[in-house]
Amino acid sequence: MTVEHLTLPSPAKLNLMLHILGRREDGYHELQTLFQFLDYGDELTFAVRDDGVIKLHTEFEGVPHDSNLIVKAAKKLQEQSGSSLGIDIWIEKILPMGGGIGGGSSNAATTLLGLNHLWKLGWDHDRLAALGLSLGADVPVFVRGHAAFAEGVGEKLTPVEPEEPWYLVLVPQVSVSTAEIFSDPLLTRNSSPIKVRPVPKGNSRNDCLPVVARRYPEVRNALNLLGKFTEAKLTGTGSCVFGGFPSKAEADKVSALLTETLTGFVAKGSNVSMLHRKLQSLL
Ligand SMILES: C[C@](O)(CO)[C@H](O)COP(=O)(O)OP(=O)(O)OC[C@H]1O[C@@H](n2ccc(N)nc2=O)[C@H](O)[C@@H]1O
Ligand SMILES: Nc1ncnc2c1ncn2[C@@H]1O[C@H](COP(=O)(O)OP(=O)(O)OP(=O)(O)O)[C@@H](O)[C@H]1O
């Protein structure tokens with residue numbers, strides 16, 4: 001019998017702004033942030049097994065099999081759904097780890113949506129997003145698949161329709177620990193909540209930037225270089241730095257100048273994630 005293989009994309013995200021409003025008792029921070037996806041990411045391939053085993057075949061340097069968010073997501077979904085099926089998984093990883101572009105969270109969401117489809121569970125997005133939140137604050141937006149204004153720890157999502165420019169994303173060769181940045185005493189934690197929608201212009205700052213730039217000269221350097229051509233911003237807790245351009249040609253031009261000294265890529269911003277576009281085409 002031939003086993004059906006399903007390949008699904010796992011896109012990156014950008015935080016177009018990020019304000020920190022306060023810290024909760026459990027240490028997590030109340031945020032306001034705007035998420036948009038990139039048409040750029042990893043690719044996961046799944047094949048159902050009928051013996052219940054969950055196996056990720058691709059090795060990740062520094063991440064043991066059972067700590068991988070892909071495996072954690074699959075195990076939680078299997079437990080909570082009571083499915084007797086298992087899965088073989090392979091990944092083509094191109095997203096940097098610790099880059100602030102949500103690679104691990106996106107991989108977890110692609111796994112949840114892929115297995116929901118292959119195991120024929122029929123879970124809706126609310127239920128998958130709630131499970132996803134227990135794996136990471138950024139997982140729900142990838143499960144829902146629409147650009148969003150996020151509040152709470154990132155889980156209260158309102159769909160939005162920002163412009164969809166081309167982005168040049170610079171990838172400084174450092175991995176930033178999100179937990180380390182959120183525990184820095186110098187982090188601004190008292191931004192005033194934005195009450196009007198859509199978010200008014202002039203609110204595009206990222207409150208993590210001063211702390212990340214202070215700790216990581218590589219990030220400072222990327223911000224300075226890109227800042228010569230466009231407004232240069234930090235996504236999440238970094239390390240990636242990005243800027244928007246009206247066309248691919250303009251983004252490519254700046255990329256050609258900068259990527260001699262720094263790694264980076266050009267990708268289109270998108271309000272509907274490429275994962276959801278692919279899943280829609282399967283129905
Ligand atoms: C900074 C963002 O990337 C913005 O999109 C996310 O909020 C981080 O999302 P994530 O990587 O999925 O985060 P998690 O894996 O849930 O948390 C990593 C660590 O970051 C800190 N953390 C994360 C999210 C949040 N709202 N407040 C926090 O304080 C916590 O110390 C936590 O231990
Ligand atoms: N499938 C996975 N892909 C990437 N990282 C993973 C994965 N599973 C576990 N991890 C762990 O999670 C850490 C954070 O990885 P990730 O790529 O999500 O960072 P990030 O882009 O900074 O995330 P965020 O923007 O959500 O803070 C990694 O350093 C790694 O130890």
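Remember, it's 1-based here, ligands and their atoms both numbered in the order they're listed.
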Heavy atoms only, cut-off 4.0 Å: how does [X] contact ligand 1, side chain, backbone, both, or neither?
X      : value
Lys13  : side chain
Val139 : neither
Asn15  : side chain

TODO: Give me the one residue out of His146, His117, His125 that meets ring pair (Phe, Tyr, Trp, His ring centres under 6.0 Å) with His276.
DONE: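 Single pass found, and it is His125.
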
Open item on the list: Test of understanding: given a 4.0 Å heavy-atom threshold, classify the contact between Ser175 and ligand 2 as side chain, backbone, both, or neither.
Closed with: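 Ser175 to ligand 2: no contact under 4.0 Å from either part.
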
- [ ] Would you indicate which of Gly132, Ala137, Gly102 comes nearest to atom 16 (O) of ligand 1 when only heavy atoms are counted?
- [x]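 The nearest heavy atom belongs to Ala137.
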
- [ ] Could you pull out, from Gly238, Gly102, Gly100, the option with a heavy atom nearest to atom 22 (O) of ligand 2?
- [x]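 Going through Gly238, Gly102, Gly100 one by one, Gly100 has the nearest heavy atom to atom 22 (O) of ligand 2.
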
Which heavy atom of the protein is the closest neighbour of [atom], given with residue, atom name and distance?
atom                    : answer
atom 15 (O) of ligand 2 : Gly98 N, 3.8 Å
atom 1 (N) of ligand 2  : Asn68 OD1, 2.9 Å
atom 32 (C) of ligand 1 : Tyr28 OH, 3.5 Å
atom 27 (O) of ligand 2 : Thr178 OG1, 3.0 Å
atom 5 (N) of ligand 2  : Met97 SD, 3.3 Å
atom 8 (N) of ligand 2  : Leu69 N, 2.9 Å
atom 24 (P) of ligand 2 : Asp138 OD2, 3.7 Å
atom 30 (C) of ligand 2 : Val63 CG2, 3.8 Å

Should [X] be listed as contacting ligand 1, given a heavy-atom distance under 4.0 Å as the test?
X      : result
Ser105 : yes
Gly154 : no
Thr33  : no

Less than 4.0 Å between a side-chain N and a carboxylate O, is that true for [Y] and [X]?
X      : Y      : result
Arg215 : Asp184 : yes
Lys93  : Asp42  : yes
Asp88  : Arg49  : yes
Glu79  : Lys72  : no

Task: Within-cut-off N or O pair, Phe60 and ligand 2, under 3.5 Å - done: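 No, since none of the N or O atoms of Phe60 sits under 3.5 Å from an N or O of ligand 2.
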
- [ ] Run the contact test for Gly104 against ligand 2 with a 4.0 Å cut-off on heavy atoms, strictly below, and give the result.
- [x]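 Within the 4.0 Å threshold, so yes.
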
